[in-house]
Amino acid sequence: MSQLIKLSDNERAKKKALIEHLAIIMDGNGRWAKNRRLPRAIGHRKGLEAVRRVVTGSARMGVKYLTLFAFSTENWRRPAEEVSFLMDLFLIALGKEVRELHSNNIRLRIIGDRSVFGKVLIRAINDAEILTKDNSGLNLTIAANYGGRWDLVRAVNLMCADKALSGRGNYSEDDLNRFLSVSFAPDPDLFIRTGGEQRISNFLLWQMAYTEFFFTEELWPDFNENSLKQAIASFRKRKRRFGGVSSGVESEAVL
Ligand code: IPE
Ligand code: IPE
Ligand code: MG
């Protein structure tokens, strides 16, 4: 608090305009393919190219944490063929991209229930996390078999089982937050969803309490650095109040 007061208006505005954490629901791969009379799988493959563009663009724009929703706990409802294609694509992508991520100083984390994945995929995930764990650049997090409700229930169970906390009785928000799978990152500043749907679909339920939302009709495989810039420009025009009153300093004023 006192630190905030010490900042000049200019510094405060700059801080407000910064996107520390960007969270994205990458939606619309299937429709992108359908529009071209192609199998959905091709849409997913094209979607991977958009991931590359957004990782590069985010790093360039100073984003510190980028969290991408790749597979939800509800996506198992899809045809088995599509699910298995997505798992294979995930494994192939890890194999192909991890070295490049590492050479760009990117730290990769996977959140979600990985225990149900195949052994080879689990090993690839673990290896990628270990390889990149000391990197200090962009924190890239892929949410795979992730659900906001899954995360909350898991965190409650872990918190209740924690010996150091037991007997305390009255748990706080900070206590719970520590056990959530994205506890290493600040809450998202900006949430982007492509594909035209305007919903959270069980993504970061707890963390998005004060996140700014940006919805676009653009389908994920078409999303590029320019689309990212548009979303960020929209974010910079917003007045974030976090329940308080506006300071009168517009984040756009300095940028
Ligand atoms: C998002 O694209 C990717 C995943 C959920 C894995 P979709 O596959 O949901 O594409 P649409 O929504 O059917 O177009
Ligand atoms: C959200 O997209 C999940 C991911 C992008 C991984 P969905 O396509 O699964 O969401 P709904 O079913 O339209 O809500
Ligand atoms: Mg979808």
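Counting starts at 1 for both ligands and their atoms, in listed order.
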Does ligand 2 have any N/O atom under 3.5 Å from a protein N/O, and what are those pairs and their distances?
| from | atom 1 | to | atom 2 | distance (Å) |
| --- | --- | --- | --- | --- |
| ligand 2 | 8 (O) | Asp27 | OD1 | 3.2 |
| ligand 2 | 8 (O) | Arg78 | NH2 | 3.2 |
| ligand 2 | 9 (O) | Asn75 | ND2 | 2.9 |
| ligand 2 | 9 (O) | Arg78 | NH2 | 3.4 |
| ligand 2 | 10 (O) | Arg193 | NH2 | 3.2 |
| ligand 2 | 10 (O) | Ser201 | OG | 3.4 |
| ligand 2 | 13 (O) | Arg199 | NH2 | 2.8 |
| ligand 2 | 14 (O) | Arg199 | NE | 2.8 |
| ligand 2 | 14 (O) | Ser201 | OG | 2.6 |

Checklist entry - Glu20 and Pro186: which non-hydrogen atoms are nearest, and at how many Å? => result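 That would be OE2-CG, 4.0 Å.
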
Checklist outcome for this item: His44 heavy atoms within 4.0 Å reach ligand 1 at atoms 3 (C), 8 (O)

Check the angle between the aromatic planes of [X] and [Y] and answer parallel, tilted or perpendicular using the 30° and 60° thresholds.
X	Y	answer
Trp150	Tyr146	perpendicular
Tyr65	His21	tilted
Phe213	Phe191	perpendicular

Checklist entry - Is there a heavy atom in Arg40 that sits closer than 4.0 Å to ligand 1? => result yes

Checklist entry - Between the side chains of Ser103 and Arg99, is a donor N or O closer than 3.5 angstrom to an acceptor N or O? => result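 Looking only at side-chain atoms, Arg99 and Ser103 do not form any donor-acceptor pair under 3.5 Å.
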
Checklist entry - Do Thr211 and Asp187 have side-chain atoms, one donor and one acceptor, less than 3.5 Å apart? => result no

Checklist entry - Does the pair Glu100 and Arg52 meet the rule for a salt bridge (charged side-chain N to carboxylate O under 4.0 Å, His left out), with working shown? => result CA-CA 11 Å; Glu100 169 108 25; Arg52 277 193 213 107; over 6 Å; no

Checklist entry - Stepwise, does the side chain to side chain donor-acceptor pair (under 3.5 Å) test hold for Arg149 with Thr73? => result CA-CA 9 Å; Arg149 290 181 176 177; Thr73 45; over 6 Å; no

Checklist entry - Members other than Leu38 in its cluster, when Ile, Leu, Val, Met, Phe, Trp, Tyr link by side-chain heavy atoms under 4.5 Å? => result Trp32, Ile42, Leu219

Next on the checklist: Does anything in residues 76-115 form a ring-ring contact (aromatic ring centres under 6.0 Å, His included)? List the pairs, not counting sequence neighbours.
Outcome noted: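 Checked against ring-ring contact (aromatic ring centres under 6.0 Å, His included) - neighbours excluded - the pairs reaching residues 76-115 are Phe71-Trp76.
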
Checklist entry - Listing residue and atom name, which protein N/O/S atoms are closer to the Mg ion (ligand 3) than 2.8 Å? => result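 Sorted hits: Asp27 OD1.
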
